[in-house]
Amino acid sequence: MPDLYSLVKPFLWRLDPERAHRLSILALKTIPPQILPAFDSFPALEQSLWGKCFKSPIGLAAGYDKDAEAVESLLSLGFGFVEIGGVTLRPQGGNPPPRLFRLTKDRAVINRMGLNSAGVDMVVQRLQKFSDCPLPGPLAINLGLNKDSENPPADYAALAGRLAPFAEILTLNVSSPNTPGLRALQDPGKLTEIVDSVRTSVAGPNSSPGPALLVKIAPDLSDRDVSDLAEFSLSHEIDGLVVANTTVARPASLRSVHREEAGGLSGAPLFNPSTNLLRTMYKRTEGKIPIVGVGGISSGAEAYAKIRAGASLVQLYSAMVFEGPGLIRRITKELACLLEKDGLKTIEDAVGADHPIGEDS
Ligand SMILES: Cc1cc2nc3c(=O)[nH]c(=O)nc-3n(C[C@H](O)[C@H](O)[C@H](O)COP(=O)(O)O)c2cc1C
């Protein structure tokens, strides 16, 4: 895989980033997953969370496969789980192009896609084909909000109700920076209404556990917001947090020509702020709420740092733009080696290892 990607990369990079992304999805849709090389499994990386089995803690973050076009191939590339979406209730086109920028010198991306989505009907139609032949790993679905939504709790609930039968995880996206007003829904009062209506909509007639409900938060929160969200997550027994979405901050270190473009910044410059937020969240929730750590991961060492800071699972997106899909196997192997080097037998032993519970925050 890495060799193939380095062959096609010069061609892809001459294209506009959105067109290159589209081509990569088309390639994945075309390649039968069965012909992708089987990936090494590492028993130490396996874990059970929310009653679901994860062969690896390394997942694909939301935003790459927004409309569930290549789920099976993505799982076959070696991801332990894949998050599709954001999916919105009604189809919407998103912002006008150009809206995706590579910041090559900074190993970063800026996007202002604006939650472009084919809509829930199309996504359900695509996922229905897996009803009889289960996917090779857990599926997470990122729930987005239409920009003209007049009733966010009702829209999130309708989306969740349609998508729950296909998902192991539902992620409430209240943190994309490109939908005006969306981040205001991180306010605990508003979030309570959304979570309550989603839970009512997802609750089945029987006692089957259903998908885990996660909340994805922004890296641009004030200290007060972080405390409020931690308290909210504990009091509402949220299944998990995804930390974090893209940032609207622009670190002074950015060197690329596109650094002033409006939108959310992801990739290497997001690693430190998102890991610091994850560490704080883990401490303030006393390690009681599983966290998915995302932002700037491009190596096994970075995945391991997030896990030691408190992540039970991790995700990545931007690094794949620069390094291609071979990156996943490399990171997985590096992570397994790091665990072994530290004498840790399972991934659970590493979660939050940097700050044992009881340590002052
Ligand atoms: C082009 C693009 C589209 C994205 N779309 C979504 C989205 O629809 N929903 C969401 O929650 N996050 C979205 N994200 C954010 C990613 O899921 C992730 O949180 C962020 O990119 C940080 O991870 P990374 O540094 O590994 O890319 C998007 C990111 C990019 C680059």
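Every number for a ligand or one of its atoms is a count from 1 in the order of the listing. Source: prediction; values computed, not measured. Starting from 1, each residue takes its place in the sequence as its number. Computed over heavy atoms, backbone and side chain alike; hydrogens, waters and symmetry mates excluded.
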* Aromatic ring proximity Phe130/Phe166, centre distance under 6.0 Å -> no
Between the protein and ligand 1, which nitrogen or oxygen pairs come in under 3.5 Å, and how far apart is each?
unit_1   : atom_1 : unit_2 : atom_2 : d
ligand 1 : 5 (N)  : Lys66  : NZ     : 3.2
ligand 1 : 8 (O)  : Lys66  : NZ     : 3.0
ligand 1 : 8 (O)  : Gly86  : N      : 2.9
ligand 1 : 9 (N)  : Asn142 : OD1    : 3.1
ligand 1 : 9 (N)  : Asn173 : ND2    : 3.2
ligand 1 : 11 (O) : Asn142 : ND2    : 2.9
ligand 1 : 11 (O) : Asn173 : ND2    : 3.4
ligand 1 : 11 (O) : Lys216 : NZ     : 3.1
ligand 1 : 11 (O) : Asn245 : ND2    : 3.3
ligand 1 : 12 (N) : Lys216 : NZ     : 3.0
ligand 1 : 14 (N) : Ala62  : O      : 3.4
ligand 1 : 17 (O) : Ala62  : N      : 3.4
ligand 1 : 17 (O) : Ala62  : O      : 2.7
ligand 1 : 17 (O) : Lys216 : NZ     : 2.8
ligand 1 : 19 (O) : Lys216 : NZ     : 3.0
ligand 1 : 19 (O) : Ala244 : O      : 3.1
ligand 1 : 25 (O) : Gly267 : N      : 2.8
ligand 1 : 25 (O) : Gly296 : N      : 2.8
ligand 1 : 26 (O) : Tyr317 : N      : 2.9
ligand 1 : 27 (O) : Ser318 : N      : 2.8
ligand 1 : 27 (O) : Ser318 : OG     : 2.6

* Asked: Taking atom NZ of Lys333 as the centre, does the number of heavy atoms from other residues, nucleotides or ligands within less than 6.0 Å exceed 12?
  -> no
* When Ile, Leu, Val, Met, Phe, Trp and Tyr are grouped by side-chain heavy atoms lying under 4.5 Å apart, directly or through other members, which residues fall in the same group as Leu103? -> Phe101, Ile110, Leu254, Leu265
* Taking side chain to side chain donor-acceptor pair (under 3.5 Å) as the test, write out the residues that go with Arg330, two or more places apart. => Glu323, Glu334
* Is a salt bridge present between Asp228 and Arg224, judged by a nitrogen-to-oxygen distance below 4.0 Å? -> yes
* Which residues share a side chain to side chain donor-acceptor pair (under 3.5 Å) with Ser24, sequence neighbours left out -> Tyr64
